[in-house]
Amino acid sequence: MTDRYCVIGNPIAHSKSPDIHAAYAAQTGQSLVYERCLAPLDGFADRVHALVAQGYKGANVTVPFKLDAAAIATRLTERARAAGAVNTLSFADGAIVGDNTDGAGLVNDLTRNAGVPVAGKRVLLLGAGGAARGVILPLLEQGPLELVIANRTRATADALVAQFGSPLLRACGFGDITEPFDIVINATSASLAGDLPPIPAETFCQETLALDMMYGKQPTVFMQFAGSHGARVRDGLGMLVEQAAEAFTVWRGVRPETPAVLEQLRASL
């Protein structure tokens, strides 16, 4: 039988994941089917158990179920525990293993696709919610000079710094930023509403790479603001493609090549 996978979310019809994984399967010669799975807002656990009973091998998880996925997992990887959220589930021998590939996807997009190493760089992470939490450990593992978490509510950023306990980490409020960073990552949800985190122009310079985790046909307000102050800008499409490649590797034991898939996806927007 052909191995079956899916992405679970609500809503889910917009998901690009089936296209990405179909491209990876064709590229690597893997026999699999990857579908979209809509789960009721109050029925995520039942949906997952049904998938297991039907013989699925794994599932990706998107909003709003990443915390539910962490709760249902019988085992969490280190990066999933650090993130407190799960976007990749593997089903085998009665176990549900929860993983988080978002941070690896971000790091791979920065270092491979954008050609910007994180090692030795001053990195600013905007936001202290689930999206930010998922990328902290992978960023720290790259050995930045420092990783600063800026948030509207300073206490939330302070709590994350305390949780991870790394000397490379510090917290600040948006208004406390007074100088440019090498890499600025927008992990807030502001772009979804066409808003901008209240950060000063001094956050950016010509040496800055500004990445928004959101993506679309047009640059986000954050990207426009950063670009107008000299920064090189990038959206989150590469992160999406790379986190999918990481999940594919977890499931199939082979890493697909991402550049052509990213180019195809960009052209389809």
Side-chain angles (χ1 to χ4, degrees), residues 7 17 20 58-63 65-67 69-70 73 75-90 97-151 156-157 159-171 181-189 191 209-215 234-251 255-256 258 262:
V7 56
S17 293
I20 298 172
N60 284 131
V61 182
T62 187
V63 292
F65 297 125
K66 292 185 179 183
L67 295 180
R75 181 169 67 83
L76 296 175
T77 64
E78 180 185 359
R79 57 191 180 183
R81 282 196 301 273
V86 161
N87 78 329
T88 301
L89 294 170
S90 299
V97 180
D99 201 350
N100 191 304
T101 66
D102 285 330
L106 173 67
V107 167
N108 287 339
D109 186 50
L110 286 171
T111 59
R112 298 177 184 179
N113 300 329
V116 176
V118 177
K121 299 295 181 66
R122 298 183 65 244
V123 182
L124 176 65
L125 183 61
L126 303 175
R133 183 187 298 270
V135 303
I136 292 172
L137 180 61
L139 285 170
L140 288 174
E141 289 174 341
Q142 292 295 303
L145 182 63
E146 68 171 344
L147 175 56
V148 178
I149 302 172
N151 196 54
T156 309
L160 271 186
V161 170
Q163 175 187 330
F164 282 86
S166 169
L168 302 178
L169 270 180
R170 67 180 176 90
F181 286 76
D182 299 307
I183 301 171
V184 180
I185 301 162
N186 182 21
T188 74
S189 59
S191 293
L209 174 68
L211 183 147
D212 197 328
M213 288 188 180
M214 304 300 172
Y215 65 89
R234 188 170 186 85
D235 69 8
L237 195 65
M239 177 181 172
L240 174 71
V241 169
E242 293 292 343
Q243 67 79 24
E246 185 74 11
F248 191 92
T249 306
V250 168
W251 289 330
R255 176 170 290 280
T258 57
L262 177 54

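The two atoms that bring Leu124 and Ala150 nearest to each other are CD1-CB, 3.9 Å, heavy atoms only. In this structure, Ala73 and Gly98 approach most closely via the heavy-atom pair CB-N, 3.8 Å. The minimum heavy-atom distance linking Gly84 with Leu67 is given by the pair O-CD2, 3.1 Å. For the pair Met214 and Ser189, the tightest heavy-atom approach, listed with the atom from each and the gap, is CE-CA, 4.0 Å. Nearest heavy-atom pair across Leu160 and Ala128 is CD1-O, 3.7 Å. The minimum heavy-atom distance linking Pro144 with Leu139 is given by the pair CD-O, 3.3 Å.
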(message) Please evaluate residues Leu137 and Glu78 with respect to the criterion side chain to side chain contact (heavy atoms under 4.5 Å, CB included), reporting the C-alpha separation (whole Å), side-chain torsions for both, the decisive distance (0.1 Å), and the verdict.
(response) CA-CA 9 Å; Leu137 180 61; Glu78 180 185 359; 4.3 Å; yes
(message) Under the criterion side chain to side chain contact (heavy atoms under 4.5 Å, CB included), I'd like the reasoning laid out for Leu240 against Leu237: C-alpha separation, chi angles, the key distance, then a yes or no.
(response) CA-CA 5 Å; Leu240 174 71; Leu237 195 65; 4.1 Å; yes
(request) Decide side chain to side chain contact (heavy atoms under 4.5 Å, CB included) for Val123 and Asp182; before the verdict, give the C-alpha distance in whole Å, the side-chain angles of both, and the deciding distance to 0.1 Å. (result) CA-CA 6 Å; Val123 182; Asp182 299 307; over 6 Å; no
(request) Tell me, with the steps shown, if Gln142 and Thr111 meet side chain to side chain contact (heavy atoms under 4.5 Å, CB included). (result) CA-CA 10 Å; Gln142 292 295 303; Thr111 59; 4.2 Å; yes
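Just one residue in the list Leu211, Val116, Val241 forms a side chain to side chain contact (heavy atoms under 4.5 Å, CB included) with Asp109, and that residue is Leu211. Applying side chain to side chain donor-acceptor pair (under 3.5 Å) to Lys66 and the options Asn87, Asp102, Asn100 leaves one that passes, Asp102.
A donor atom on one side chain and an acceptor atom on the other are found under 3.5 Å apart for Ser191 and Asp212.
Atoms CG and CD1, on Leu126 and Ile185 in that order, are 8.5 Å from each other to the nearest 0.5 Å. Considering CZ of Phe65 and CG of Asn60, their distance stands at 14.0 Å, rounded to 0.5 Å. Going from atom OG of Ser166 over to atom CD1 of Ile136 covers 10.0 Å, rounded to the nearest 0.5 Å. To the nearest 0.5 angstrom, Ile20 atom CD1 is 12.0 Å from Phe248 atom CZ. Between atom CG of residue Asn108 and atom CE of residue Met239 there is a gap of 10.5 Å, rounded to the nearest 0.5 Å. Distance check, rounded to the nearest 0.5 Å: CG of Leu147 to CG of Leu140 gives 5.5 Å.
Distance alone, capped at 3.5 Å, places no donor-acceptor pair between the Arg255 side chain and the Thr249 backbone. Side-chain N or O atoms of Thr77 include one that pairs as donor or acceptor with a backbone N or O of Ala80 at under 3.5 Å.
Legend: residues meeting salt bridge (charged side-chain N to carboxylate O under 4.0 Å, His left out) with Glu242, ordered by chain and number and at least two apart, are absent.
Look at Arg79 and Glu246 and you find a salt bridge, because one of the NZ, NE, NH1 or NH2 atoms lies within 4.0 Å of a carboxylate O, short of that distance.
Residue pairs that meet the side-chain hydrogen bond (donor to acceptor under 3.5 Å, both in side chains) test with at least one member in residues 117-126, sequence neighbours left out, are Arg122-Glu146, Arg122-Glu179.
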